[in-house]
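Working notes, structure below.
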Amino acid sequence: MSGQAYDSNNIFGKILRGEIPCHRVYEDADTLAFMDVMPQSPGHLLVIPKTPSRNVLDADPAVLSKLMPIVQKLAKAAKDAFEADGITITQFNEPAAGQTVFHLHFHIVPRYEGAALKPHSGQMEDNGVLAANAEKIIGELGA
Ligand code: 5GP
């Protein structure tokens, strides 16, 4: 393998093991999705595979093939739940590309015409707001 090895002592590894909390919006046998604590836009969420990998570069294609339909499903749910004009999906690989947490994740970010994004890994959102936003997406998934 050309890149660095996966280190399970990362924040999303801890979330997967239940060692730190998250505002969960979706879970199945292979995938977990939860709110980003420093949202770039209201409703910004993260989708991660349960199988460890640092990023796309070392991910098993079989894991990606299970993950992407969930990314799509949650992008549609977030667009509807937040009445967004569009959705940005981002995914960073290694620090040079902007990655700060080294467990593969996709960002799903609601967008609005003419509205700039807040900074990446910027300001912590209030817990109550994150909880309410998670409920909006959960409600949309159940609709
Ligand atoms: P990256 O730069 O690796 O693509 O993005 C990592 C993301 O994780 C950032 O958007 C950041 O706001 C988010 N993040 C960092 N720490 C935590 C945390 O403890 N919980 C949650 N839910 N998100 C986090």
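We count ligands from 1, going down the list as the structure has it; atoms in each ligand are counted the same way.
Protein heavy atom nearest atom 15 (C) of ligand 1, with residue, atom name and distance: M38 CE, 3.8 Å. Nearest protein neighbour of atom 22 (N) of ligand 1, counting heavy atoms only, is M35 O, 2.9 Å. Atom 2 (O) of ligand 1 has as its closest protein heavy atom H120 NE2, 2.6 Å. Among protein heavy atoms, the minimum distance from atom 24 (C) of ligand 1 is reached at V37 CG2, 3.4 Å.
Checking Q99 against N55 by side-chain atom types alone, a donor-acceptor pair falls below 3.5 Å. Between N127 and H23, the side chains place a donor N or O and an acceptor N or O closer than 3.5 Å (distance only, hydrogens not considered). Using a 3.5 Å distance cut-off with no hydrogens or angles, the side chains of E135 and N133 do not pair a donor with an acceptor.
In this structure, of I11, D36, V109, the residue bringing a heavy atom nearest to atom 18 (C) of ligand 1 is I11.
Residue F102 does not touch ligand 1, judged by heavy-atom distances below 4.0 Å.
The line from CD of Q91 to CG of L67 is 9.5 Å long, rounded to the nearest 0.5 Å. Expressed to the nearest 0.5 Å, how far CD of E125 lies from CE of M38 amounts to 11.5 Å.
Considering both main-chain and side-chain atoms, I15 never comes within under 3.5 Å of ligand 1 through any nitrogen or oxygen pair. Considering backbone and side-chain atoms together, H44 places no N or O closer than 3.5 Å to any N or O of ligand 1. Ligand 1 has a nitrogen or oxygen under 3.5 angstrom from a nitrogen or oxygen of H107. Considering backbone and side-chain N/O of V101, one or more are found under 3.5 Å from N/O of ligand 1. Residue F12 has no N or O atom closer than 3.5 Å to an N or O atom of ligand 1.
Residue C22 places no heavy atom under 4.0 Å from ligand 1. For the ligand labelled ligand 1, residue H105 lies inside the 4.0 Å heavy-atom shell.
L74 is listed as a side-chain neighbour of Y26, based on a closest heavy-atom distance under 4.5 Å. For the pair L104/V56, a side-chain contact is recorded, criterion being any heavy-atom separation below 4.5 Å from C-beta on.
Salt bridge present: K50 and E27 bring a charged side-chain N and a carboxylate O closer than 4.0 Å.
Distances below 4.0 Å separate heavy atoms of Q99 from the following atoms of ligand 1: 2 (O), 3 (O).
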